[in-house]
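Take a look at the structure below.
Predicted model, so just to flag it, every value in this text is computed and none were measured. No hydrogens, no waters, no symmetry mates; every other heavy atom, side chains included, goes into these values.
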Amino acid sequence: MPATLPVPIEFRLPDGWLPASPEVLEAQGVAFAAVRPQADAGFSANITIDGEVPPATATLADLADASVEHLRQVAGPVEVTGRQEVGSEDAPALTQRLLFSAVTGDTRRDLVQSQVYLTLSDVADPHKRAVIRLALTATAAEHDTVLGDFQDFLRTVRPETRTERR
C-alpha cells in the first residue's frame, strides 16, 4: 500500500508528466510519484512525494541528513552538492541536491536528485505541522533539462483547501 501524507496537499503536474502506477508507489514507499515518459538512456525522470510528522526537536537539516543516509544505504556513496534553507519563519523549507549512482535495469547510472522539504500546517488543524519531501530524480545528463518542470510543479504545491479529502 502506498504511503499517506500527514497533511493533505494539492498540486498540478507539469505538462507531459504522468502519475506512476500504485505498484511504483508501494515499491518506493511514497505517497505519490510521477514519471516523464521520455526516458534518457533507459531511465525516466521522476517526481516523488512523501512526508512525516517529525519529532518536535528534528530540524529540516536533520531530516535531510537522514534522507542522505537512507540513500547511502540503498545506492552507496552520495554527494551533497548543495543545501540551502529557504522559506520564512512561519513556513521554513530546505532544498538539497544529491549526486549518486544506482543500478536501474541492468545498468549503473549517474543520477541527480533535487529534494525540497516543506513545512506545512493542516488547513483543518493549524497546530498539526508536517514536513513534505518532494524530490526530482533524473540522470545527470537530463537533470537540468527537467529541473524547470520540477520548479513549475513546486509552485503549485499547497495544503489541500477542499472540505472533502481525496
Side-chain angles (χ1 to χ4, degrees), residues 2-20 24-25 27-36 40 43-75 78-100 102 109-123 126 128-161 166:
T4 57
L5 293 175
V7 174
I9 62 171
E10 53 190 30
F11 54 84
R12 192 177 74 248
L13 286 177
D15 290 340
W17 290 73
L18 302 172
V24 170
L25 301 180
Q28 294 188 10
V30 297
F32 181 83
V35 295
R36 185 170 185 252
D40 176 48
F43 183 84
S44 293
N46 60 78
I47 294 171
T48 57
I49 305 172
D50 63 29
E52 64 182 293
V53 176
T57 58
T59 66
L60 291 178
D62 292 337
L63 298 176
D65 288 342
S67 180
V68 170
E69 187 54 38
H70 174 74
L71 191 54
R72 281 188 178 127
Q73 292 172 7
V74 175
V78 176
E79 181 182 350
V80 179
T81 61
R83 181 181 283 181
Q84 182 176 5
E85 292 188 20
V86 295
S88 65
E89 188 175 318
D90 292 336
L94 181 140
T95 64
Q96 71 177 0
R97 183 173 167 145
L98 311 174
L99 302 179
F100 61 100
R109 302 180 198 297
D110 291 332
L111 301 175
V112 178
Q113 187 173 85
S114 291
Q115 298 179 338
V116 177
Y117 293 81
L118 300 176
T119 303
L120 297 175
S121 296
D122 191 322
V123 172
K128 183 178 179 184
R129 295 186 64 78
V131 174
I132 305 297
R133 180 179 60 167
L134 307 114
L136 166 69
T137 306
T139 62
E142 184 184 38
H143 183 269
D144 290 347
T145 303
V146 296
L147 184 59
D149 283 353
F150 185 55
Q151 291 167 335
D152 290 344
F153 165 74
L154 291 171
R155 284 189 274 278
T156 72
V157 176
R158 59 191 36 88
E160 188 174 83
T161 56
R166 296 180 232 190

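- Rounded to the nearest 0.5 angstrom, T95 OG1 and L60 CG are separated by 10.5 Å.
- Here the CG atom belonging to L136 is positioned 7.5 Å from the CG atom belonging to N46, to the nearest 0.5 angstrom.
- Side-chain atoms of L98 and Q115, non-hydrogen and from C-beta on, do get closer than 4.5 Å to each other.
- One distance of note links CZ of F43 with CG of D110; it measures 11.5 Å at 0.5 Å rounding.
- By the 4.5 Å heavy-atom criterion applied to side chains, V68 and Q96 are counted as neighbours.
- Side chains of F100 and V74 form no contact here, defined as non-hydrogen atoms less than 4.5 Å apart.
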Pair up each side-chain donor or acceptor in residues 138-145 with any protein partner under 3.5 Å, not counting sequence neighbours, and list the distances.
residue, atom, partner, partner atom, Å
T139, OG1, D40, OD2, 2.3
T139, OG1, E142, N, 3.1
E142, OE2, R36, NH1, 2.5
H143, NE2, S114, OG, 2.8

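- In this structure, L5 and E160 have side chains that are not in contact, with every pair of non-hydrogen atoms separated by 4.5 Å or more.
- For the atom pair S44 OG and L18 CG, the distance stands at 9.5 Å (nearest 0.5 Å).
- Checked against ring pair (Phe, Tyr, Trp, His ring centres under 6.0 Å), F153 has the following partners two or more places apart in sequence or in another chain: F11.
- For the atom pair CG of L13 and OG1 of T156, the computed distance is 7.5 Å after rounding to the nearest 0.5 Å.
- Atom CG of D152 sits about 9.0 Å away from atom CG of D15, to the nearest 0.5 Å.
- D62 meets the salt bridge (Lys or Arg N to Asp or Glu O under 4.0 Å) test with no other residue; sequence neighbours excluded.
- Counting non-hydrogen atoms of other residues, nucleotides and ligands closer than 6.0 Å to CZ of R12 gives a total of 12 or fewer.
- In this structure a side-chain-to-backbone donor-acceptor pair under 3.5 Å is missing from R97 to T81.
- Between A45 and W17, the shortest heavy-atom distance links the atoms O-CZ3, 3.6 Å.
- Summarising the geometry of A75 relative to A102, their closest heavy-atom pair is CB-CB, 4.5 Å, with the distance given to 0.1 Å.
- Scanning both residues, A58 and L63, for their nearest heavy atoms gives CB-CD2, 4.4 Å.
- Counting heavy atoms from C-beta outward, L147 and Q151 have side chains that approach closer than 4.5 Å.
- Between V7 and I132 the shortest heavy-atom distance is O-CD1, 4.3 Å.
- When all heavy atoms of Y117 and A64 are compared, the pair lying nearest together is OH-CA, 3.6 Å.
- Annotation for V30 and I49: closest pair CB-O, 3.4 Å, computed over non-hydrogen atoms.
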Next item on the list: Might you work through the side chain to side chain contact (heavy atoms under 4.5 Å, CB included) test for V78 and Q113, ending with a clear yes or no?
Entry: CA-CA 10 Å; V78 176; Q113 187 173 85; over 6 Å; no
